[in-house]
Number of protein chains: 2
Amino acid sequence: MMPEPPMILSPEDMLEIESSIVTTEGMGARIRQIFGGNRLRDNPAFGVHDIAWEVEASVDALDVFTSRWTIEILATLYIAGDRRFNELRKLLVGISSRTLSDKLRKCTENGLIDRIVVDGPPVRVTYRLTEHGLRAGRLLGPLVAYMKLQKGSVQ
Amino acid sequence: MMPEPPMILSPEDMLEIESSIVTTEGMGARIRQIFGGNRLRDNPAFGVHDIAWEVEASVDALDVFTSRWTIEILATLYIAGDRRFNELRKLLVGISSRTLSDKLRKCTENGLIDRIVVDGPPVRVTYRLTEHGLRAGRLLGPLVAYMKLQKGSVQ
DNA sequence: AAATTAAGGTGCAACTTCCACACCACGTTA
DNA sequence: TAACGTGGTGTGGAAGTTGCACCTTAATTT
């Protein structure tokens with residue numbers, strides 16, 4: 001299942017990545033504290049900003065990522081940099097050109113990706129993360145690194 | 001679309017969250033550098049660990065999150081703490097009991113969630129993030145916070 | 001000159017996943 | 001006695017995804 005062979009990192013790189021993950025976990029825990037505290041402080045009794053509100057806000061915030069391939073496309077553009085349609089299709093093993101086309105359109109509509117047309121002939125179309133997409137990609141980085149370590153594809 | 005009214009944070013909390021997000025972005029960028037550098041250093045010419053390998057490893061790492069509702073369920077347990085089946089169903093507006101049941105089973109199989117049965121009668125079943133699930137939830141925190149700010153549901 | 005390749009997709013049938021609705025066994029509450 | 005809360009499962013249809021064929025334009029290969 002995992003891509004072989006695993007990438008072997010030097011002990012220094014390994015330590016730095018592990019410490020980045022732990023630091024990010026700390027950030028996440030702190031953010032959780034602030035949101036939770038704010039929720040309780042605002043409405044001790046029946047709150048507008050109760051748990052249901054916060055869950056709904058989070059579901060809403062993640063909405064953009066929760067259809068298949070979206071995260072993978074962002075991660076790919078983040079890792080590989082600007083790519084053209086057929087390059088993405090080769091990198092994203094298993095995606096159909098139909099689905100790739102649909103997802104790229106949705107990501108473009110959501111402001112995560114720019115579609116850059118360089119007209120030829122031949123016309124070439126490059127996809128690039130927007131500033132917003134790039135930030136999302138970076139924020140996904142520690143989670144991806146953690147999952148890679150967990151799965152053993154990086155050691 | 002966004003949950004109303006927005007949560008208003010104090011300037012201090014706002015600053016701390018923004019700085020957590022920026023710090024996490026820095027971690028993400030650094031991790032990217034290390035992986036990218038390791039890739040090139042390993043195989044200047046034809047590499048085993050080329051971009052395709054890294055994309056595949058990332059797609060693989062994220063596989064667990066890429067079906068509908070999975071991220072939302074994790075985020076909900078992360079925000080709300082341990083919850084029982086019907087509590088989750090009420091919090092996750094729009095999910096069917098069928099789908100919730102299936103997704104909880106899959107998350108349990110993937111080691112993200114523990115299913116805790118307290119037998120009665122009545123039998124009660126509590127779902128709880130595993131240590132692994134909790135870490136994933138924390139790592140998701142900065143991204144969720146960033147998206148909430150972006151959407152204006154937190155100001 | 002003809003065929004193939006590559007660009008960036010679209011059209012369609014088959015397949016998989018998701019959803020709404022009904023329902024189950026059991027126990028408590030009204 | 002009937003309705004309700006507990007944690008789900010069964011079913012059919014709707015929605016999402018896939019593989020394959022195909023399109024237009026132009027360059028390259030045979």
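Per chain, numbering begins at 1; letters A, B, ... match sequence-line order. Everything numeric here is computed off the predicted structure, so don't read it as measured data.
Side-chain atoms of A:Thr99 and A:Ser96 form a donor-acceptor pair, as typed in the model, at a separation below 3.5 Å. When only modelled atom types and interatomic distance are considered, B:Tyr78 and B:Arg138 share no side-chain donor-acceptor pair under 3.5 Å.
Atom CD of B:Glu87 is separated from atom C1' of D:dT6 by 11 Å (rounded to the nearest Å). Distance NZ (A:Lys103) to P (C:dG9): 16 Å, rounded to an integer number of Å. As rounded to whole Å, 18 Å separates atom C1' of D:dG8 from atom CD1 of B:Ile116. Between B:Arg84 atom CZ and D:dG5 atom P there is a gap of 13 Å when expressed in whole angstrom units. Between A:Arg89 atom CZ and C:dG9 atom C1' the separation is 9 Å, expressed in whole Å.
Minimum atom distance to the side chain of A:Val125 is reached by C:dG9, of the listed C:dG9, D:dG8, C:dC18.
Across all strands, A:Arg105 comes closer than 4.0 Å to no nucleic acid atom at all (heavy-atom distances).
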So if I define the base as every atom that isn't primed, P, OP1 or OP2, how would nucleotides 11-16 of chain C read as a B/S/- string at a heavy-atom cutoff under 4.0 Å?
BB----

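Between A:Asp50 and A:Arg39 no salt bridge is recorded (no basic side-chain N to carboxylate O distance below 4.0 Å).
Among residues two or more places apart in sequence or in another chain, the salt bridge (charged side-chain N to carboxylate O under 4.0 Å, His left out) test is passed with B:Arg83 by none.
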